[in-house]
Number of protein chains: 2
Amino acid sequence: IVEAQGLYKIFHLGKTQVEALVDITFHVEKGEFLALVGPSGSGKSTLLNLIGCIEPPTRGTIHLDGIDITNLDDNSLSTIRAERIGFVFQNFNLLPVLTAYENIEYPLHIRGMPKREREERVKALLDAVGLARFANHRPAELSGGQRQRVAIARALAGSPSIVLADEPTANLDHATGREVLKLMKGLNRTYGTTFIFSTHDPQIMSFADRVVELRDGRIAS
Amino acid sequence: IVEAQGLYKIFHLGKTQVEALVDITFHVEKGEFLALVGPSGSGKSTLLNLIGCIEPPTRGTIHLDGIDITNLDDNSLSTIRAERIGFVFQNFNLLPVLTAYENIEYPLHIRGMPKREREERVKALLDAVGLARFANHRPAELSGGQRQRVAIARALAGSPSIVLADEPTANLDHATGREVLKLMKGLNRTYGTTFIFSTHDPQIMSFADRVVELRDGRIAS
Ligand SMILES: Nc1ncnc2c1ncn2[C@@H]1O[C@H](COP(=O)(O)OP(=O)(O)OP(=O)(O)O)[C@@H](O)[C@H]1O
Ligand SMILES: Nc1ncnc2c1ncn2[C@@H]1O[C@H](COP(=O)(O)OP(=O)(O)OP(=O)(O)O)[C@@H](O)[C@H]1O
Ligand SMILES: [Mg+2]
Ligand SMILES: [Mg+2]
């Protein structure tokens, strides 16, 4: 479902350049539950952003679901994202004016899901992440870990074929983090949703079928 | 250095109320290295915000460095914060238009530290958190863990008497997290700086002299 060949991502900063990803060749099978690990600054978020059509590569090619996304224009990229990818950002990135409920409902609303079906789905997701009682809190009225869980529920809402989650449990206590991973793995086993998540936590890594390690922008394993 | 008696923090949300902190009585000695732990939503960030003069309590009293901060006006509170407290927020909260260097320099600039002395101090701090080469990156040009480390360096810059750090290692790999804790503990042992940090990581907890546990807004241990 993901095919990356010789990917490079180079950021330019004044006269210097940062080689965030170097010669990444990387394959993910449909239905895999994959952990991306590596030290701070090793390129995990950058790789997830490239797979998630958020940033274009500097060199190399990348295919998602059989589509060559390397040189697509912004409109096509955002369509692909909206239809196929669920994304959890490292800083959660919820809409501050919407409640937890509305943030999770938003992707379903965009897809034209009927109201009663949306309501059922959002409530099921709030339950699954343990936030039923916090449905009408806005992000500023939630703890860090609660916001992270809303972001996860939102990424899962539209039943995307691939979920990219950037450190989805960084702000969660261990028990809640395990609950989230079980939820994600359950969806993977039941519906075949592909998951790629980055983490620094060995306990969370242990849920993965496969672990890919990055170091200084290269694949280390 | 911190004296909390019968502290309550109640948030009102429409008709419902959230009891984020309930009857907290809590003492921290000068020079302690204390970890605050507990499940997601248990009140850690709220307690740190109260100690850090960011939010007023709903009931109860709180003294910081011998000063009763319970009912102070906003101006007095922000003066106390600027002079005595170094704060690392759960979402880092760096100034996006400033570079890493300038973000760390900012509190020293405000205090009127002379330029050459500032330069020495900022460089030493960038080194200490492993970001010497990233001095002129802006937050958007840094990884999540790198931003967190800039926030830590900034909190330590003005040599405050108390540092409050909300999950300072949540976005760091274990090796980098340990480096940060050793830096913090070194300052604590050398200069007597009081540290109160929240964490979900047992490895990070183990650096603390004392661990205070919150559960549902109450002290559990
Ligand atoms: N402005 C607010 N309005 C309403 N409720 C709030 C507000 N801020 C926090 N809360 C609630 O208060 C409780 C405690 O929040 P707090 O952020 O202190 O938790 P925490 O222990 O830091 O959790 P985490 O580990 O997830 O960061 C949570 O249930 C949260 O939903
Ligand atoms: N817009 C940018 N401009 C310049 N450099 C950047 C930019 N974005 C990221 N970088 C650099 O690219 C490298 C990889 O960043 P990335 O965010 O992918 O790391 P990461 O593995 O997610 O780290 P962490 O675990 O700390 O989140 C870092 O050294 C970072 O400073
Ligand atoms: Mg990252
Ligand atoms: Mg918190």
Side-chain angles (χ1 to χ4, degrees), chain A residues 11-16 18 20 37-46 48-49 89-93 99 129-131 133-149 166-167 169-177 179-180 198-203 205 213-215 217, chain B residues 11-16 18 20 37-46 48-49 89-93 99 129-131 133-149 166-167 169-177 179-180 198-203 205 213-215 217:
Chain A
F11 292 108
H12 296 281
L13 209 56
K15 296 219 187 83
T16 56
V18 179
V37 306
S40 176
S42 56
K44 303 177 295 297
S45 298
T46 304
L48 287 171
N49 288 347
F89 289 87
Q90 196 163 358
N91 283 345
F92 327 139
N93 112 356
T99 63
V129 297
L131 291 176
R133 293 185 299 122
F134 294 89
N136 47 4
H137 287 235
R138 292 189 171 73
E141 299 157 343
L142 291 170
S143 77
Q146 290 167 341
R147 284 176 217 167
Q148 193 161 38
R149 283 182 271 161
D166 202 349
E167 294 188 36
T169 62
N171 283 281
L172 300 176
D173 59 87
H174 278 221
T176 312
E179 287 312 303
V180 162
S198 63
T199 184
H200 286 303
D201 189 331
Q203 243 195 52
M205 269 176 233
E213 198 182 331
L214 286 181
R215 199 170 301 158
Chain B
F11 292 107
H12 295 281
L13 210 54
K15 295 216 189 85
T16 56
V18 179
V37 307
S40 176
S42 55
K44 303 177 297 298
S45 299
T46 304
L48 288 171
N49 289 348
F89 289 87
Q90 195 162 2
N91 283 345
F92 327 139
N93 113 356
T99 63
V129 296
L131 291 176
R133 294 184 299 122
F134 295 90
N136 47 4
H137 287 234
R138 293 191 169 72
E141 299 156 344
L142 291 170
S143 77
Q146 290 167 340
R147 285 176 216 165
Q148 194 161 36
R149 283 181 270 161
D166 202 348
E167 295 191 33
T169 62
N171 282 282
L172 301 177
D173 59 271
H174 277 220
T176 312
E179 288 310 303
V180 162
S198 63
T199 184
H200 286 302
D201 189 329
Q203 242 194 51
M205 270 177 233
E213 197 181 332
L214 286 181
R215 198 170 300 159

Taking side chain as everything from C-beta outward and backbone as N, CA, C, O, which of these in A:V37 sits under 4.5 Å from a heavy atom of chain B? Side chain, backbone, both or neither. neither

Any sub-3.5 Å donor-acceptor pair from A:D173's side-chain atoms to B:H200's backbone N or O? no

Heavy-atom contact with chain B under 4.5 Å, split by part of A:N91: side chain

Relative to chain B, which segment of A:R147 carries a heavy atom at a distance below 4.5 Å: side chain, backbone, both, or neither? side chain

Who pairs with A:N93 by side chain to side chain donor-acceptor pair (under 3.5 Å), at least two apart in sequence or on another chain? A:R154

If you tally heavy-atom pairs under 4.5 Å against chain A, which of B:E167, B:Q146, B:Q148 wins? B:E167

Turns out that what part of B:R149 lies under 4.5 Å from chain A's heavy atoms comes down to side chain

Checking B:E141 against chain A: side chain, backbone, both or neither under 4.5 Å from a heavy atom? side chain

Between B:T16 and A:R133, is the side chain to side chain donor-acceptor pair (under 3.5 Å) condition met? List the steps. CA-CA 10 Å; B:T16 56; A:R133 293 185 299 122; over 6 Å; no

Closest approach of B:G145 and A:S40, non-hydrogen atoms and distance? CA-OG, 3.5 Å

Select one option (side chain, backbone, both, neither) describing which atoms of A:L13 are under 4.5 Å from chain B's heavy atoms. side chain

Looking at chain B, which one of A:G43, A:A170, A:S42 has the largest number of heavy-atom pairs inside 4.5 Å, strictly under? A:A170

Side chain to side chain donor-acceptor pair (under 3.5 Å) with A:S45: which residues, sequence neighbours excluded? A:Q90, A:D166

Of the listed B:L172, B:T176, B:T199, the one with the largest count of heavy-atom pairs under 4.5 Å with chain A is B:L172

